[in-house]
Amino acid sequence: MSPPYPISVPAGFAPAFALGYAGQSGDLALVAPTAPLPVQIMNDVPTGPGAAPLTGSATGALLAGPFTPRSAAPVILALWGEWTGTVQLERAAGPDEPRLPVTAGGAAWARFTANACEAVWAESEAGAGLYLAIAVTAGTLHYRIAQ
């Protein structure tokens with residue numbers, strides 16, 4: 001039984017809301033202490049061995065990769081050094097598939113012109129590979145992509 005919540009004048013009523021989800025039969029199942037909202041815990045147990053980090057340095061144009069990420073785990077890209085140029089994360093669905101620049105909502109994503117260290121991708125397709133299309137015009141860029 002739920003705890004009592006007094007209803008005060010002037011309203012005389014209180015709106016009630018319930019949260020539900022599609023139960024095992026596909027019908028509405030209300031969330032309750034005995035029927036909690038079903039969740040999936042991500043990255044609780046690795047889904048397989050992770051790939052070795054992809055690391056290196058560049059002083060000109062370079063295509064680094066592939067880095068084959070483990071599913072459902074964030075991919076972290078670190079860029080550092082004294083450099084000028086661009087780095088673009090690219091993805092191929094498989095070894096013989098075309099490399100494409102990654103996008104978010106149709107806009108360029110994971111394109112860098114300065115040092116950075118951040119999560120850039122989370123893969124869901126087994127066998128996909130990530131690449132770094134590097135174009136350094138001056139200086140030396142150091143990179144590391146890993147999980």
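In what follows, every heavy atom counts, from backbone to side chain, and hydrogens, waters and symmetry copies are set aside.
- Here the side chain of Thr137 pairs a donor or acceptor atom with the backbone of Thr84 at under 3.5 angstrom.
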The test is salt bridge (charged side-chain N to carboxylate O under 4.0 Å, His left out); show your working for Arg70 and Glu123 and say whether it passes.
CA-CA 7 Å; Arg70 184 176 68 237; Glu123 187 55 60; over 6 Å; no
Begin from the C-alpha positions of Trp80 and Arg144 and carry the test side-chain contact (heavy atoms from CB on, under 4.5 Å) through to its verdict.
CA-CA 9 Å; Trp80 69 96; Arg144 182 177 195 272; 4.0 Å; yes
Evaluate the side-chain contact (heavy atoms from CB on, under 4.5 Å) criterion for residues Leu19 and Leu30: first the C-alpha distance (whole Å), next the side-chain angles of each, then the deciding distance (0.1 Å), finally the verdict.
CA-CA 6 Å; Leu19 183 60; Leu30 294 178; over 6 Å; no
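- In this structure the side chain of Leu79 never reaches within 4.5 angstrom of the side chain of Cys117, judged on heavy atoms.
- Counting heavy atoms from C-beta outward, Asn115 and Trp83 have side chains that approach closer than 4.5 Å.
- Minimum interatomic distance between Gly139 and Val136 (heavy atoms only, all atoms of both residues): O-CG1, 3.5 Å.
- Trp109 CH2: 12 or fewer foreign heavy atoms inside a 6.0 Å radius.
- Within the 4.5 Å cutoff, the side chain of Val75 has heavy atoms near those of the Phe67 side chain.
- The closest side-chain heavy-atom distance from Gln147 to Trp121 is not below 4.5 Å.
- Both Leu89 and Leu54 are members of a single hydrophobic cluster when ILVMFWY side chains are connected at heavy-atom separations under 4.5 Å.
- Taking every heavy atom of both residues into account, Ala64 and Ile134 meet most closely at CB-CD1, 4.5 Å.
- With rounding to the nearest 0.5 Å, the separation of CD in Glu82 from OG1 in Thr140 is 9.5 Å.
- Distance OH/Tyr131 to CD/Gln88: 14.5 Å, rounded to 0.5 Å.
- Transitive grouping of hydrophobic side chains (ILVMFWY, heavy atoms separated by less than 4.5 Å) keeps Ile145 and Ile76 in distinct clusters.
- Arg111 is not listed as a side-chain neighbour of Val102, based on a closest heavy-atom distance of 4.5 Å or more.
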For Val87 and Leu141, run side-chain contact (heavy atoms from CB on, under 4.5 Å): C-alpha distance rounded to whole Å, both residues' side-chain angles, the deciding distance at 0.1 Å, then the answer.
CA-CA 10 Å; Val87 176; Leu141 164 73; 3.5 Å; yes
Show, in sequence, the C-alpha distance, side-chain angles and deciding distance for Leu63 and Arg99, and conclude whether the side-chain contact (heavy atoms from CB on, under 4.5 Å) test is met.
CA-CA 11 Å; Leu63 179 65; Arg99 285 186 334 274; 3.3 Å; yes
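- Closest heavy-atom contact between Ala128 and Thr68: O-CG2, 3.5 Å.
- In this structure, the side chains of Leu77 and Leu132 come closer than 4.5 Å at one or more pairs of heavy atoms.
- The two residues His142 and Ser57 make their nearest non-hydrogen contact at ND1-OG, 2.7 Å.
- Taking 4.0 Å as the cut-off between side-chain N and carboxylate O, Glu125 and Arg91 count as a salt-bridged pair.
- Shown here for Ala146 and Pro53, the closest heavy-atom pair between the two residues is CB-CB, 3.7 Å.
- For the residue pair Leu28 and Gly20, the shortest heavy atom distance occurs at CD1-CA, 3.8 Å.
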